[in-house]
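Please read the structure below before turning to the comments.
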Amino acid sequence: MSSSASSKTIFDQAIVLRGQKLGDADKIVILLTRNHGIVHAVAKGARKTTSKFGGRLEPFMLVDVSLTAGKNLYTLTQVQTVRAYTSPIMSDYSAYLAGLALIELTESLGKFEEGESSNQLFVMLAGALSSLSSQSLRPLDIVNAYFLRAISLAGWGMNPTVCSHCGSSENLRWFSAEAGLLCENCGRLEVLNVSKPVSEETLHYLSDVFLGRWESVTAISSQHSAKIAYGLISTFVHWQLEKPLKSLALIEKEF
């Protein structure tokens, strides 16, 4: 659904990130919209059994929405289901944990202005949720791929194909929680707080999930690399956000 030029009402596609209670029957819903970034909207009467919104405002739902601008929050006036990812994701605990991680990171990053970055993040999240719901890829691979791509879109610079310090694509060997992946020369610079060297196998895995080379990613032999890569990615994200993401601790225990 295309966005409206009106300053009072917008029509857009959105992914429901989460909701919170408001008063006796209302709900505040946090949405990632395709064209307007993160939006906080009031869904009046959403918690009533007779609500016209039904179950369309649960996390992971992909919906078409109509939103009217208010003083502080939008008001949600219409919701139509586009893709119902909630049930299949919540029915599998590993997929559910992965979904929570995707949503938590998205909300933490979601200060994108309206425009191309918002659209790219929306498309990436919709694709990740689709893969989780269809169980077409391992949940941990989906988390690793989404995190790498999302933080790259945010400009944090953990691109597994180039050194984050000098831009070289040769001899990537080191990881820094502050800078990301580094080449042999930059990795030995003490100022970058290098934590440890990275194996060639793990580097191949990081590159594969980032670029979407799923045949290599889904190989049984990549499971060990997926766990190591996850540790690097989560360490990098915590450093950049300067706070832990609660869902990442749960994933670490599960996988």
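All values derive from a computational prediction rather than experimental measurement. What you see below is based on every heavy atom in this structure, not just the backbone, and it leaves out hydrogens, waters and symmetry mates.
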Requested in this report: Before giving the answer on side chain to side chain contact (heavy atoms under 4.5 Å, CB included), spell out for Val79 and Asp64 the whole-Å C-alpha distance, their side-chain angles and the decisive distance to 0.1 Å.
Outcome: CA-CA 6 Å; Val79 184; Asp64 282 337; over 6 Å; no
Requested in this report: With side chain to side chain donor-acceptor pair (under 3.5 Å) as the test, would you mind laying out the steps for Thr202 and Ser199 before giving the verdict?
Outcome: CA-CA 5 Å; Thr202 300; Ser199 72; 3.0 Å; yes
**Report entry** side chain to side chain contact (heavy atoms under 4.5 Å, CB included) assessment of Tyr205 paired with Val217
**Finding:** CA-CA 6 Å; Tyr205 172 86; Val217 172; 4.1 Å; yes
Report task. Using the side chain to side chain contact (heavy atoms under 4.5 Å, CB included) rule, take Ile38 and Leu31 through it: C-alpha gap first, then chi angles, then the decisive distance, then the call. Result -> CA-CA 6 Å; Ile38 296 287; Leu31 307 167; over 6 Å; no
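A continuous path of ILVMFWY side-chain contacts below 4.5 Å connects Met90 to Leu62, so both sit in one hydrophobic cluster. Hydrophobic clustering, with ILVMFWY side chains joined whenever heavy atoms are under 4.5 angstrom apart, keeps Val162 apart from Leu203. Hydrophobic clustering, with ILVMFWY side chains joined whenever heavy atoms are under 4.5 angstrom apart, keeps Phe255 apart from Ile228.
Summarising the geometry, atom NE2 belonging to His204 is positioned 10.5 Å from atom CG belonging to Leu172; distances are rounded to the nearest 0.5 Å. Residue Tyr85 holds its OH atom at 5.5 Å from OG of Ser133, rounded to the nearest 0.5 Å. Note: Leu148 CG to Leu232 CG = 9.5 Å, rounded to the nearest 0.5 Å. Distance OG/Ser225 to CG/Leu140: 11.0 Å, rounded to 0.5 Å. A distance of 7.0 Å separates CG of Leu181 from OG of Ser164, quoted to the nearest 0.5 Å. Residue Met61 holds its CE atom at 13.5 Å from CG of Leu17, rounded to the nearest 0.5 Å.
Counting heavy atoms from C-beta outward, Gln78 and Val65 have side chains that stay 4.5 Å or more apart. Inter-residue side-chain proximity for Leu76 and Ser66 is flagged as unmet; no heavy-atom pair is nearer than 4.5 Å. Using a 4.5 Å cut-off on side-chain heavy atoms (C-beta onward), Leu67 and Asp12 make no contact. For the pair Ile151/Gln240, no side-chain contact is recorded, criterion being any heavy-atom separation below 4.5 Å from C-beta on. Under the 4.5 Å side-chain criterion, counting only non-hydrogen atoms from C-beta, Trp156 is in contact with Leu109. Side-chain contact between Val16 and Glu58: absent, with no pair of heavy atoms (C-beta onward) separated by less than 4.5 Å. At a threshold of 4.5 Å between non-hydrogen side-chain atoms, the residues Arg47 and Lys21 count as touching. With a 4.5 Å cut-off on side-chain heavy atoms, Tyr146 and Leu125 count as touching.
With Asp26 contributing its side chain and Gly45 its backbone, the two residues share a donor-acceptor pair below 3.5 Å. Side-chain atoms of His165 never come within 3.5 Å of backbone atoms of Ala179 as a donor-acceptor pair (strictly under, hydrogens ignored). The backbone N or O of Lys48 lies less than 3.5 Å from no partner atom in the side chain of Ser51, so there is not a single donor-acceptor pair. Under the 3.5 Å distance criterion, the side-chain polar atoms of Arg34 are left unmatched by any main-chain donor or acceptor of Phe122. A donor-acceptor pair is defined here as one N or O able to donate and one able to accept, closer than 3.5 Å; such a pair exists between the side chain of Thr106 and the backbone of Leu102. Proximity of a side-chain donor or acceptor of Arg18 to a complementary backbone N or O of Ile30 within less than 3.5 Å is not detected. Remark: side-chain polar atoms of Thr81 are not paired, donor with acceptor, to backbone N or O of Arg83 under 3.5 angstrom. Using modelled atom types, one side-chain atom of Thr33 and one backbone atom of His36 make a donor-acceptor pair closer than 3.5 Å. In this structure a side-chain-to-backbone donor-acceptor pair under 3.5 Å is present from Ser234 to Gly231. Listed for the Lys52 side chain is a donor-acceptor partner under 3.5 Å among the backbone atoms of Thr77.
Listed here is the closest heavy atom pair of Phe60 and Tyr96: CE1-CD1, 4.0 Å. Heavy-atom minimum distance, Ser118 versus Gly37: OG-N, 2.9 Å. Closest approach of Leu211 and Arg149 over heavy atoms only: C-NH2, 3.9 Å. Nearest heavy atom pair, residue Ala95 against residue Pro139, reads N-CG, 4.1 Å. What you find for Cys163 and Cys166 is that their closest heavy atoms are SG-N, 3.4 Å. Shown here for Arg56 and Val63, the closest heavy-atom pair between the two residues is O-CG1, 3.6 Å.
Donor-acceptor pairing under 3.5 Å is recorded for the side chains of Asn159 and Thr161. Side-chain N/O atoms of Ser94 and Glu254 include a donor and acceptor closer than 3.5 Å. Ser247 and Glu104 are linked by a side-chain donor-acceptor pair at a separation below 3.5 angstrom, with hydrogens and angles left out of the test.
Within a 6.0 Å sphere centred on CD of Glu215, other residues, nucleotides and ligands contribute 12 heavy atoms or fewer. Crowding of Glu184 atom CD: a count of heavy atoms from other residues, nucleotides or ligands under 6.0 Å exceeding 12. When the shell of 6.0 Å around OH of Tyr230 is examined, it contains more than 12 heavy atoms from other residues, nucleotides or ligands.
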